[in-house]
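The next block holds one structure in the form of structure tokens; read it before the comments.
The sequence lines fix the lettering, A, B, ..., with proteins before strands; numbering per chain opens at 1. Basis for what follows: all heavy atoms, side chains included, without hydrogens, waters or symmetry-related copies.
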Amino acid sequence: MSDTTLPKAYDAASVESRWYALWEERGYFAPSSTTPDASPYCIMIPPPNVTGSLHMGHAFQDTIMDALIRQRRMRGGPVLWQTGTDHAGIATQMVVERQLEAEGSNRHELGRALFLERVWKWKGESGGTIVRQLRRLGASCDWSRERFTMDPELSHAVREAFVRLYNEGLIYRGKRLVNWDPVLLTAVSDLEVVSEEERGSLWHLRYPWAEGDGYVVVATTRPETMLGDVAVAVHPEDERHAHLVGRELILPLTGRRIPVIADTHVDPAFGTGCVKITPAHDFNDHEVGARHGLPVINIFTPDARINDQAPEPYRGLDRFVARAKVVEDLTQAGLLERIDDHKLMIPRGDRTKAVLEPYLTDQWFVKAAPLAEEAIRAVEDGRIRFIPGNWDKTYFEWMRNIQDWCISRQIWWGHRIPVWYGPDGHPFVCNCEEMVYEMAAEHYGQVVRLTRDPDVLDTWFSSALWPFATLGWPRKTPELARYYPTDVLVTGFDIIFFWVARMIMMGLKFTGEVPFREVYITGLVRDADGNKMSKSKGNILDPLDLIDGIDLESLVEKRTRDMMQPQLAAKVAAATRAEFPQGIPAFGTDALRFAMAALAVQGRDIKLDLARVEGYRNFCNKLWNAARFVLMNVEGHALAGPVEARTLPDRWILSRLQKVIAAMDAAMERYRFDEAAAGLHRFLWGEFCDWYLEMVKPVLYDDGLAEADKSHTRRVMVTVLESSLRLLHPLMPFITEELWQKVAPLVERGGATLMRAPWPVVESRFEDESLETEAEFVMAMVTAVRNVRGEMDIPPGRRLPVLVSGEPEAVAILRRHEGLIAVLARLEGWSELTGEIPEGVATAVLPGMRIFIPLAGIIDPTAEIARLEKTLQKLEADLTRVTGKLNNAGFLANAKPEVVAGEQAKARAFTEKRQVLEDALARMRRLGEVA
RNA sequence: GGGCGGAUAGCUCAGCCGGGAGAGCAUCGGCCUUACAAGCCGAGGGUCACGGGUUCGAACCCUGUUCCGCCUACCA
């Protein structure tokens, strides 16, 4: 097969497999600059979970990042797409713990060191998956700079950040109520709590007076916590209860005397207006207790069993068992007033789904408010811009009410907190383990044993440093100087608080600058029904399965494997069989990427429509065949020198190309990837293929035409294709590279890779507005004839003669391009109408021109009458609307002059067209009667 | 409770600064026209959720309502 011959159909798999490895091998992903004064451009990838695998959200966001990166790279500046992975503390630890459980072991049996060894081993085994998948997407990130959040360099940055914040008093340790996961046995931050409404009960309990008869009724959704009650509160202005304040109650089951206190926290309108106060197990109660100097009685063990603070019968019981027993015992004692059904928000851990408990423990916190101040300002004054813009409201809302951030986790996989305690518990905080002993020796005047804090840091603490830590911070590296602040962050709204806000706080704190100038917030990728994709729903799609295709059985097996809730497997399997009876065909990476871009509408989630992906696979094939056509038609021919457009098609397509380049630039600038994709699709398919290549055929196939003229057309044809490939490359890297390698050398543009070819720029000398108008008229003429042909069911092969009459300019255009029009409309010939309109013609009307197609003998008068009536009907509606406007004095007085003129022109054209159609209709009716 | 977003063709979605409602898919009709049947040429299909307002003119601006989604919040 020669260089310029392509297979008949595009085969994504064979093309894609060739290019990525070569790009990577040759170092094309690393920053380099072809244009010395071009400014640097940098995007930090949101590091995916190192042991995770690629999902649709990654495919979506990575496509967008890669498109931005590839475009900027082609523009010539140094471009860095910093990549890497995250250690995902809790998630990864849980996976390994589950493995141990399956082996009948657990992490405590193994011990910390061996357990960590085991996690590292798991990271080594499964850690390659997601980066391999990222490569399949064509992501052109700089693998030579790949980072992992637990790399020594990054760990050093994490410790450094901790030490600096600690020394400034922005990190502190304190005994606080935190959200406690009794399954995982660790504290989690507010953000890791997912609260959802669940059905529960509201128990109304009677607390008897210590002195005298009677009781107070309090309501609770967690009766077991009454064992830790220390007071009952009423609102200070609640007249019903004012006289009770200061009296004492006997807390049932414990016998403890507890006071009635007054606090504004109580909502007098709710329930009885009396609230039980449990400072150790409720965030609000904790504050109330603190205000009133009440004791804090913790009744739970870390795994949420009742501890020894509670009466003997309850000790050791699980919280829910204890709940049942408390309720039963109160019932026995006649102290249960009633039970109401009640909907309430249940806080669960986002990983374990366990019901969390407010729990009193020693934890490390970041004092967030001072950091938030500057972070708020950065968005207010525009140093950081959210796209779409209204996300800043979400950001401000959270930032202005920010709570201190609990950063310590009682797990093992993560950055260990750089704090050591002396024999008396004095903390030594230091980035370096050796130095900390010197610090301690100095403090105590002798060498002492130190114990390191056992906890690790919240994963997001290290993620917050990602933009600068990956560039070498705290060292002052050239990379940091060059690429920081980075240009744009592309991420989902679900991690604005977790990650975006914290990067901004930390970035400003440690570098004095924002970590990125823009934040492009993407929507979520949902399934065809609009549901969030999740393993438990069984509606996950693996991007690679859209790329490579997958048969039904494998898909079912994949979706039902390793399910957290195996009982759902049958349902998932059935749904999968119903949705994909044939499995999923292979669409290829480029088609998937193009679909992602086309669907990337701002501020909206994506419902993934596989038909759309399929459509863009077809687009790949279309492009492939267009290139095939071009190559076939230039093979063996010399191309003319500089581009010189002589013919209407050549001049038209070049002019259109300039507009597409401008539109593409504008769309990418505004992060309107949907517009970018739609614009290229329309141009290449709807204009280049449907019209230009068809218009070129009569030129190339005309034996009477000089070779020199054909040569110019060939040049234009290749030039436009070559430019289009460059424009398309950011969205469809593989097919464009493959084709460009064959096409570009023909116009002396070849190079080692399209990745580093220059980005197209508008050449205004090719723009030609009036020529475009003329071309549009030509196309309208062709369409008009085709329309008649289609409606009349005249075989496409049948050549038709036409008669025209019209304004001289219109006829002149027809005359100038008669050959072209004849081929495209399959005309036998044309002549200007002189005299009467013959009988039995079909009529088409264009601005300034009437076209009559003699169809005597083959025309069906009934069909033509119907066609004309239909056209007329539409026209009448248009005309009524337009004349309505023109008869409106208000419109004439207020509308802009050009709008009025436009309406007047429309009215004239519509009136003229109506006349022609009415005449045609009359003639056809006569013919119908004769027949 | 507060905030944000959505409702446009059968489906998925565009519609920019207010000025003749669009695309892809699906449907219908005709085509193996020598790049492409993963294709070509045509066609049909819309009470722009509903009510009011502003305006000469509203899918678009204002307002109210309904429905759907998401985020957020301390009602025991």
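Considering only side-chain atoms of A:Ala9, the nucleotide from B:rC36, B:rA38, B:rU33 that sits closest is B:rA38. Taking only side-chain atoms of A:Asn618, from C-beta outward, the nucleotide of B:rA38, B:rC31, B:rA35 with the closest atom is B:rA38.
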Sub-3.5 Å pairs of nitrogen or oxygen atoms, protein against nucleotides 74-76 of chain B:
residue : atom : partner  : partner atom : Å
B:rC74  : O4'  : A:Asn284 : ND2          : 3.2
B:rC74  : O2'  : A:Asn284 : ND2          : 3.1
B:rC75  : O2   : A:Asp267 : OD2          : 2.6
B:rA76  : O2'  : A:Ala219 : O            : 2.3
B:rA76  : N6   : A:Asp267 : O            : 2.6
B:rA76  : N6   : A:Phe270 : O            : 2.7
B:rA76  : N1   : A:Asp267 : N            : 3.1

Each nucleotide N or O in nucleotides 40-42 of chain B that has a protein N or O under 3.5 Å away: list the pair and distance.
residue : atom : partner  : partner atom : Å
B:rC40  : OP1  : A:Lys622 : NZ           : 2.8
B:rC40  : OP1  : A:Trp685 : NE1          : 2.7
B:rC41  : O3'  : A:Arg786 : NH1          : 3.4
B:rG42  : OP1  : A:Arg786 : NH1          : 3.4

Please list, for nucleotides 13-23 of chain B, all pairs of protein and nucleotide N/O atoms separated by less than 3.5 Å.
residue : atom : partner  : partner atom : Å
B:rA14  : OP2  : A:Arg604 : NH1          : 2.5
B:rG15  : OP1  : A:Arg672 : NH1          : 3.4
B:rG15  : OP1  : A:Arg672 : NH2          : 3.1
B:rG20  : OP1  : A:Lys906 : NZ           : 3.3
B:rG20  : O2'  : A:Arg881 : NH1          : 3.4
B:rG20  : O2'  : A:Arg881 : NH2          : 2.1

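Aromatic rings of A:Tyr10 and A:Trp624 (six-membered ring for Trp) have centroids within the 6.0 Å cut-off, being under it.
Residues A:Leu746 and A:Glu722 form no side-chain contact, since every pair of their non-hydrogen atoms from C-beta on lies 4.5 Å or further apart. Residues A:Ile606 and A:Leu524 fail the side-chain proximity criterion, which asks for heavy atoms closer than 4.5 Å. Using a 4.5 Å cut-off on side-chain heavy atoms (C-beta onward), A:Ile346 and A:Arg348 make contact.
When the salt bridge (Lys or Arg N to Asp or Glu O under 4.0 Å) test is applied to A:Arg908, no partner is found at least two apart in sequence or on another chain. Shown here are the salt bridge (Lys or Arg N to Asp or Glu O under 4.0 Å) partners of A:Glu397, two or more places apart in sequence or in another chain: there are none. Looking at residues two or more places apart in sequence or on another chain, you find no salt bridge (Lys or Arg N to Asp or Glu O under 4.0 Å) involving A:Arg604. For A:Glu669, the salt bridge (Lys or Arg N to Asp or Glu O under 4.0 Å) partners are A:Arg72, A:Arg75, not counting sequence neighbours.
The phosphate of B:rU33 has neither OP1 nor OP2 within less than 4.0 Å of any side-chain N or O from A:Tyr701. Distances shorter than 4.0 Å separate none of the side-chain N or O atoms of A:Lys8 from OP1 or OP2 on B:rG39.
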- Task: Quick one: the dot-bracket string of RNA chain B, using Watson-Crick and G-U wobble pairs with both distances under 3.5 Å, [ ] for crossing pairs and | for bases paired to another strand.
- Result: (((((((..((((.....[..)))).(((((.......))))).....(((((..]....))))))))))))....
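B:rC60 and B:rC71 have their P atoms separated by 29 Å, with the value rounded to a whole Å. B:rG5 and B:rG45 have their P atoms separated by 35 Å, with the value rounded to a whole Å. Nucleotides B:rA49 and B:rU27, compared at atom P, are 27 Å apart to the nearest Å. With P as the reference atom, B:rU65 and B:rC28 are 45 Å apart, rounded to whole Å. Comparing the same atom, C1', in B:rG22 and in B:rC48 gives a spacing of 12 Å after rounding to whole Å. On the P atoms, B:rG20 is 14 Å away from B:rG57, given to the nearest whole Å.
Judged as a side chain to side chain donor-acceptor pair (under 3.5 Å), not a single pair has a partner in residues 882-900 of chain A (not counting sequence neighbours). Residue pairs that meet the salt bridge (Lys or Arg N to Asp or Glu O under 4.0 Å) test with at least one member in residues 584-603 of chain A, sequence neighbours left out, are A:Asp66-A:Arg593.
Taking every heavy atom of residues 519-527 of chain A and every atom of RNA chain B, no pair lies under 4.0 Å. Taking a 4.0 Å limit (strictly below) on heavy-atom distances, residues 386-404 of chain A reaches RNA chain B at A:Asn390, A:Lys393.
Considering CG of A:Leu191 and CZ of A:Phe498, their distance stands at 4.5 Å, rounded to 0.5 Å.
Among the protein residues, A:Ala626 comes within range of the nucleic acid bases, having at least one heavy atom under 4.0 Å from a base atom. Residue contacts shown for A:Tyr10 include a base, since a base heavy atom lies under 4.0 Å away. Looking at heavy-atom distances under 4.0 Å, A:Lys697 makes contact with a base.
Distance alone, capped at 3.5 Å, is enough to place a donor-acceptor pair between the A:Ser534 side chain and the A:Lys537 backbone.
With A:Glu791 as the partner, the side-chain hydrogen bond (donor to acceptor under 3.5 Å, both in side chains) test is satisfied by one option alone out of A:Lys870, A:Arg786, A:Arg867: A:Lys870.
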- Task: Starting from the C-alpha separation in whole Å, work towards a yes-or-no answer on salt bridge (Lys or Arg N to Asp or Glu O under 4.0 Å) for A:Lys607 and A:Asp605.
- Result: CA-CA 7 Å; A:Lys607 268 197 234 179; A:Asp605 287 350; over 6 Å; no
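Nucleotides of RNA chain B nearest to A:Gly890 and A:Gly603 differ in position, and the one nearer the 5' end is that of A:Gly603.
Atom CD of A:Glu192 and atom P of B:rU72 are 13 Å apart (whole Å).
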